[in-house]
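Have a look at the structure below before the remarks.
One-based numbering, in listed order, for ligands and for the atoms of each.
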Amino acid sequence: MNFLTIFARNLKQGPQTEAFPLGPAFTPERLRGRIEFNAATCEGCRICERVCPANAIRFAKTPDGMTFDCWHNTCVFCGNCEFYCPTDAIHQTNDWDLSHVNADKFDMVEHGLIPNQTCVECGATALNTAPMVKNAKPPLSTEEYAEVRARCPKCRAKYLKNRKVPA
Ligand code: SF4
Ligand code: SF4
């Protein structure tokens, strides 16, 4: 094919590449991109940290509670954390536009905090994690869930054990 034939074909077909970064780029809906974390629904099980092959996820105890950090620079977008998370507290967006200058590398982190709370029953300081009650039978009502959540792990277990279940 000579130059003129190719030139004419390309003129007829129009651009075959994305205009990015000068315009939008097509992004598949299910593309595995940047991680998002929702502290409100996290059980604090730390499974995501254990299954992350890149060590991109770190939890740390602080005086305020437990912090969550996911380094976008380190993440390899495998999806393990979302797959194994029992509560959908962590999921992958389809945001792939993570390029940045070196000076911004410490901003490429998803932060979260599971705060401390005071147990309403015994007064102990404990993490305000989402309760692990997925298998409770019958499922907890909204009020019961709030009651469980407001307690420390020991008092949560006691509450669930003494819960009056209709026959
Ligand atoms: S994000 Fe999910 S897997 Fe990670 S600690 Fe929270 S509940 Fe567990
Ligand atoms: S997608 Fe994979 S590499 Fe990225 S944080 Fe989750 S488990 Fe780690």
Side-chain angles (χ1 to χ4, degrees), residues 18 20-21 25-122 124-161 163:
E18 303 287 356
F20 187 84
F26 168 72
T27 302
E29 214 171 286
R30 296 181 62 197
L31 184 130
R32 295 193 304 219
R34 181 177 52 80
I35 289 296
E36 262 181 4
F37 174 69
N38 181 1
T41 55
C42 176
E43 288 180 348
C45 64
R46 297 176 73 161
I47 287 174
C48 51
E49 188 182 39
R50 285 203 296 279
V51 299
C52 177
N55 287 331
I57 295 176
R58 279 277 178 273
F59 283 93
K61 288 262 173 68
T62 72
D64 298 327
M66 188 157 71
T67 56
F68 167 96
D69 289 304
C70 176
W71 287 79
H72 300 314
N73 274 355
T74 313
C75 173
V76 295
F77 310 113
C78 67
N80 262 4
C81 51
E82 174 175 324
F83 182 81
Y84 286 103
C85 176
T87 64
D88 294 332
I90 188 163
H91 81 275
Q92 280 190 292
T93 67
N94 66 351
D95 177 12
W96 50 266
D97 186 8
L98 297 171
S99 58
H100 58 280
V101 294
N102 202 34
D104 290 342
K105 69 178 175 186
F106 294 114
D107 295 332
M108 302 304 291
V109 184
E110 172 80 356
H111 293 293
L113 171 72
I114 302 170
N116 282 331
Q117 66 175 351
T118 303
C119 173
V120 291
E121 196 169 322
C122 70
T125 300
L127 290 172
N128 183 8
T129 50
M132 296 184 190
V133 290
K134 210 160 66 179
N135 296 327
K137 284 203 178 71
L140 269 67
S141 66
T142 312
E143 293 74 27
E144 285 176 312
Y145 185 88
E147 285 288 337
V148 175
R149 181 155 198 158
R151 287 165 160 76
C152 69
K154 268 190 189 164
C155 294
R156 283 180 181 188
K158 202 160 66 176
Y159 181 95
L160 291 169
K161 196 171 155 206
R163 182 177 171 227

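- Every heavy atom of Y84 sits 4.0 Å or more from the atoms of ligand 1.
- For atom 6 (Fe) of ligand 1, the nearest non-hydrogen atom from the set C42, G112, C45 comes from C42.
- The aromatic rings of F68 and F37 sit parallel to each other, their planes meeting at less than 30°, with 60° as the upper class boundary.
- For ligand 1 and A89, the ligand atoms under 4.0 Å from any heavy atom of the residue are 1 (S).
- Using 4.0 Å as the threshold, F37 has a heavy atom nearer than that to some atom of ligand 1.
- Here C81 does not reach atom 2 (Fe) of ligand 2: none of its N/O/S atoms is less than 2.8 Å from the metal.
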### Message
Checking R32 against E82 for the salt bridge (charged side-chain N to carboxylate O under 4.0 Å, His left out) test, could you report, in this order, the C-alpha distance in whole Å, the side-chain angles of both residues, the deciding distance, and whether it holds?
### Response
CA-CA 10 Å; R32 295 193 304 219; E82 174 175 324; over 6 Å; no
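- The nearest protein atom to atom 4 (Fe) of ligand 2, hydrogens excluded, is given as C75 SG, 2.3 Å; this is a heavy-atom distance.
- Distance check: I90 CD1 to Y84 OH gives 14.0 Å after rounding to the nearest 0.5 Å.
- With a 6.0 Å radius and a threshold of 12 heavy atoms from other residues, nucleotides or ligands, F20 has its CZ atom above the threshold.
- For T74 (side chain) and A54 (main-chain N/O), no donor-acceptor pair under 3.5 Å exists by modelled atom type.
- A 4.5 Å side-chain heavy-atom check between F83 and C78 finds every atom pair outside the cut-off.
- Residue contacts to atom 6 (Fe) of ligand 1: C85 brings no N, O or S atom closer than 2.8 Å.
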### Query
Would N94 and R30 count as a side chain to side chain donor-acceptor pair (under 3.5 Å) if you check the C-alpha gap in whole Å, the side-chain angles of each, and the deciding distance to 0.1 Å?
CA-CA 6 Å; N94 66 351; R30 296 181 62 197; over 6 Å; no
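- Contact annotation: the side chain of M132 never approaches that of P153 to less than 4.5 Å [non-hydrogen atoms, C-beta and beyond].
- Against a heavy-atom cut-off of under 4.0 Å, C48 is close to the following atoms of ligand 1: 1 (S), 3 (S), 4 (Fe), 5 (S).
- No more than 12 heavy atoms of other residues, nucleotides or ligands sit less than 6.0 Å from atom CG of D88.
- The heavy atom nearest to atom 7 (S) of ligand 1, out of those in R46, M132, E43, is found in E43.
- Regarding atom 8 (Fe) of ligand 2, its nearest protein heavy-atom neighbour is C52 SG, 2.3 Å.
- Scanning the protein for heavy atoms near atom 3 (S) of ligand 2, the closest one is V76 N, 3.3 Å.
- Nearest to atom 1 (S) of ligand 2 among the protein's heavy atoms is G79 N, 3.2 Å.
- When the options N55, N80, V51, I57 are ranked by their closest heavy atom to atom 5 (S) of ligand 2, first place goes to I57.
- For ligand 1 and T87, the ligand atoms under 4.0 Å from any heavy atom of the residue are 7 (S).
- Scanning the protein for heavy atoms near atom 2 (Fe) of ligand 2, the closest one is C78 SG, 2.3 Å.
- The two residues L127 and M66 make their nearest non-hydrogen contact at CD2-N, 3.6 Å.
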